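Data first, discussion second: the structure below is written as structure tokens.
Just so it is clear, the structure is predicted and the values come from calculations on it, not from any experiment. Residue numbers start from 1 in every chain, and the chains themselves are labelled A, B, ... in the order their sequence lines are given, proteins ahead of strands.
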Amino acid sequence: MSALVDIRDLTVRFGGGGRSVHAVNGVSLSVEKGEVLALLGESGSGKSVTLKSILQLLPPKRTKIGGSIRFDGRDVLALKGRALSDFRGGEVSMIFQDPALALDPVYTVGAQIAETVMRHESITREAAMSRALEMLQKVRIPSPERRLKNYPHEMSGGMRQRAMIALALSCNPKLLLADEPTTALDATVQMQVLLLLRNLQREMGMSVIFVTHDIGVAVEIADRVAVMYAGTIVETGTIAEIMKDPRHPYTRGLLAANLHGAVKGARLDAIPGAPPTLEEPPSFCPFAPRCPQARPECRAALPPVVEPGPGRRVACVLEAAPA
Amino acid sequence: MSASEMGLPDKGGPRQPLVIARDLTCHFPVRAGAFGPKKVVRAVDGVSFSIAKGETLGVVGESGCGKSTTARLLIGLTPATGGKIIYDAQELGEELSLRDLRRGVQMVFQDSFASLNPRLTIEESIAFGPKVNGVDAAEARRIARDLLERIGLDPARFAGRYPHELSGGQRQRVNIGRALAMRPRLVILDEAVSALDKSVEAQVLNLLTDLRRDFDLTYMFISHDLNVVRYISDRLMVMYLGEVVEVGPAEALYERQAHPYTAALFSAMPSMDPYARTQVPPLAGDPPNPIDPPSGCRFHTRCPFAEDLCASKKPRAVTLGEGHQVACHMRDPASGHGKAAA
Amino acid sequence: MTDTTQTAVLPAEAPAAPARGYWGGVWARLRRDPVTLVCGAVLGLLVLSALFAPYIGLHDPYQGSMVSRLKPIGTEGHILGTDELGRDMLARLIYGGRLTLFLGITPVVAAFVIGTTLGLIAGYVGGWANTVIMRTVDVFFAFPSVLLAIAISGALGAGIVNSLVSLTIVFIPPITRVAESVTASVRQLDYVDAARASGAGDFTIVRVHVLGNVMGPIFVYATSLTSVCMIIAAGLSFLGLGVKPPEPEWGLMLNTLRTAIYINPWVAALPGMMIFVTSLCLNLMSDGLRSAMNVRQ
């Protein structure tokens, strides 16, 4: 099976105002058809930027993108105009953390979904509206006929998130990009939305790239995980591999910091310090300054990417030459 | 006044709870539109609890449950519309003035950036509290530098910095230092670590643990993250729509939840095991709006065990064990609920 | 506390910018903005020349000459020509800057002080104080500012003091409104709550925590009003409601020279050019200040 998305050596640099930020520094990853990949990382790790560059959603004037992104064999970064807008929302769509910003406040939810469908498929308004209704049923919004005529502000937070998912999936995309869609939700609602996304993904057979900072969320939704740090992928593997046998010291630190099963009162093994500011692209392992197992060679060059098993990748000196 | 006189001396002895809240209410009117009908938001509705000296009370609940409002009532930032606050055997408004209460209770907010005046250096921010309480400038400066040291920021390098020159974790340390400058005995941490990255959060939690020991502090720790609350709390209070539904020792509550809402909250935690993912959502729907909350037991609209009784009659608080109380008809043998343990 | 003290030593923790204070940062950003710097320099030159007008060897701005009326630009002895009464234009323009800038800046400064005070009270106290102040302000807002200025000046009569008063009244409402909205948004920030929680009184909180953070935006807004004020002041003089002849003032000069527009259009346009350049510089500079004072970027 060939990969649906293939990202090779992606670099993203934001410039302007004399300061530049190297947000993504050589990210390579692939997503198979029907697979859910979680991009796991903290703020500033480049996970959202990677996601947005797939849809060319970054401000073009201030952004320099390098590397390649191929979707179904096509070069995504070269798409322009009509082809780009067909691609966005048609083959790939996106859901965001804050549905209040992603939905248009002056149109009803039904009208927004119907409009999206009509833009991508040549069908009548009636057919589009009935598709909208069908979508609201699919995301299990109670009394969907009534909700179709609601404006976003008339819905609760969880309901809006469902409406946004309905909008995103209305054209049967092959790939769904999810940017922390459950982070702003209450605990009980978050789990509802996660289970909904999981079921819809299985039902529709689409691929998903799910950006999150919460390992717990990744466990609930992802098949594979790519752990990001300072704009690089430090470790990739199936969710079970990452949970049972984390290889990179950063992944281990992140798992420990989740506090799941932490003993009350015992000191936490906190990763000291904070992530780098990325004004320069990293010339050696970006985690070395915080790494408890750092060696002199970690500060000499970028770490090698080792493949300890099929589909498993770790960017760490320790993996190449175990102590 | 010198620094040592700033905090309040102990009045009630070790067995007297540091804070007792009795029947606290906070209602405020809102209008739907300019000429719409007046409605009342019942942000906090008859909340009673106590916090013993030296313990950490964890408070959990979803948005709109009133946990932040309760915190603001305790420190007098929002005036209560009813109820009593008793700080170390002195009632607020009777033996104790609001100004005195604030020398004993301090708060750390979630947004580390909005909590610091962007125009003051962090040293000035920390020294502000002591200064307005009559400590002279040089002494306040000494307190601030001392506290910077204690919160892990070298005063020689950081004292003159401005908030935007610090990272989120460092700013939150400063906020903790600013609260401690008042020499409080109770520190309310309102989602104080929620906005931090996980790796930084662990550092700040370690710091909070150290400070609790070194300064003999009592914490009220508000969070939506049950893992964090479990790690730091001695007792746990669960709130739903402005009311306390369950309160008890943290470990006991983690083992066995008496209230169906508490149970739902716990089962909404991600499983952390890829081979045993959550299969059934713990609850349906969103938490209702605290304007016009449901009648009777406020949870009855989402409760899987609700009966007619739950919609009409408010459950009373039942004591289950040592310090464990729950407000649910199912736990009250006299309630008449079908599932009530007789 | 080993891990926490380590934190401070790590290079990753060091922030990008060295500590240089708020105004240091503003200046550093301003220095990279050539437009604002040029505008500031032009305004500085205008103010200095107006201040030192008697000492820079100019002709007497009141001394006319029947023989050398309406000389064109470039005439020997009169670089910028002469006006309809044969007075030196350069001298009159520079002396005119004194009055025009005075009339443009003084009402805004007065309105800044009064409006900020009112806005702070309305925004910080809220409740009935807000209602009283803001509804009164709304009444004034119902009139266009030029019309309001003309009406008040007309009622008070012509003269410099009266136009100062009327212009001040015109500019209090917009400044109050901006001050109120900025104060209300600062007031609900957590650091104000934290200050209240430390037992500080309202006066201290306003002085230490509110004032410093609302002054910037209000000041920038007031700067942009200065150009409007200058134009209205010139307009009042043009209509004969402000400065009276023979005082040099750009608006009044524009009025008296308008008869000469067919004879010597370039000289007649000069006061208008001065008004245009000054107000443009004021506007561009206030834009530059606004972005330089934005801490978050």
Q. Looking at G253(A), A218(A), G44(A), A222(A), which makes the most heavy-atom pairs under 4.5 Å with chain B?
A. A222(A)
Q | chain A contact via D225(B) - side chain, backbone, both or neither, heavy atoms under 4.5 Å | A | neither
(Q) For D273(B) versus K244(A), what's the shortest heavy-atom pair and its separation? (A) OD1-NZ, 3.9 Å
**Q.** Which atoms of V280(B) approach chain A - backbone, side chain, both or neither, heavy atom under 4.5 Å
**A.** backbone
Q.
Taking CG in D223(A) as the centre, count heavy atoms belonging to other residues, nucleotides or ligands within less than 6.0 Å. Is the count above 12?
A. yes
Q: Report yes if the side chains of D210(B) and R267(A) come closer than 4.5 Å at any heavy-atom pair, otherwise no.
A: yes
Q | Separation of E62(B) CD from L185(A) CG (nearest 0.5 Å) | A | 10.0 Å
**Q.** Residue among V200(B), L265(B), T278(B) with most heavy-atom pairs under 4.5 Å to chain A
**A.** T278(B)
Q. Is there side-chain contact between P287(B) and V189(A), with heavy atoms separated by less than 4.5 Å?
A. yes
Q | Side-chain donor or acceptor of D197(B) paired with backbone N/O of S43(A) under 3.5 Å | A | yes
Q. Of the non-hydrogen atoms in Q190(A) and P270(B), which two are nearest, and what is the gap between them?
A. NE2-CG, 4.5 Å
Q. Rounded to the nearest 0.5 Å, how far does CG of L268(A) lie from CG of L205(B)?
A. 6.0 Å
Q. Which heavy atom of S271(B) sits nearest a heavy atom of V219(A), and at what distance?
A. OG-CG1, 4.1 Å
Q: Side chain from CB out, backbone as N, CA, C, O: work out which of these in D234(B) comes under 4.5 Å of a heavy atom of chain A, or both, or neither.
A: both
Q) What part of A256(A) gets closer than 4.5 Å to chain B, counting heavy atoms only: side chain, backbone, both or neither? A) neither
Q: For chain A, find which of Q279(B), R277(B), E251(B) contributes the most heavy-atom pairs closer than 4.5 angstrom.
A: R277(B)
Q) Is there side-chain contact between M269(B) and M191(A), with at least one heavy-atom pair below 4.5 Å? A) no
Q. Can you list the steps and then say if R302(B) with T188(A) is a side chain to side chain donor-acceptor pair (under 3.5 Å)?
A. CA-CA 11 Å; R302(B) 296 172 83 198; T188(A) 57; 3.1 Å; yes
Q: Among the options A264(B), A284(B), G169(B), pick out the one with the most heavy-atom pairs lying under 4.5 Å from chain A.
A: A284(B)
(Q) Using the rule given for salt bridge (Lys or Arg N to Asp or Glu O under 4.0 Å), can you reason through D286(B) versus R160(A), listing the C-alpha separation, both sets of side-chain angles and the distance that settles it, and then say yes or no? (A) CA-CA 11 Å; D286(B) 293 55; R160(A) 270 204 293 264; over 6 Å; no
Q: Considering non-hydrogen atoms only, spot the tightest contact between L283(B) and Q192(A) and give its length.
A: O-NE2, 2.6 Å
(Q) Can you give me the closest heavy-atom contact between A240(A) and Y275(B), atom names plus distance? (A) CB-OH, 3.3 Å
Q: Indicate whether the side chain of S199(B) and that of R290(A) have a donor and an acceptor atom separated by less than 3.5 Å.
A: yes
**Q.** Selection from A276(B), G64(B), S233(B) maximising heavy-atom pairs under 4.5 Å formed with chain A
**A.** S233(B)
Q. Can you say whether R198(A) sits under 4.5 Å from chain B via the side chain, the backbone, both, or neither, judging by heavy atoms?
A. side chain
Q) For E322(B), does the CD atom sit with more than 12 other heavy atoms under 6.0 Å from it, leaving out its own atoms? A) no
Q.
Any side-chain to backbone donor/acceptor pair from D186(A) onto S63(B)? Under 3.5 Å, distance only.
A. yes
Q | For the student: nearest non-hydrogen atoms of M243(A) and M272(B), plus distance | A | CE-O, 3.3 Å
Q. Non-hydrogen atoms of chain A under 4.5 Å away: do they reach the side chain of I232(B), the backbone, both or neither?
A. backbone
Q.
Can you tell me which portion of I239(A) sits under 4.5 Å from chain B's heavy atoms? Options are side chain, backbone, both or neither.
A. both
Q: Side chain from CB out, backbone as N, CA, C, O: work out which of these in I221(A) comes under 4.5 Å of a heavy atom of chain B, or both, or neither.
A: backbone
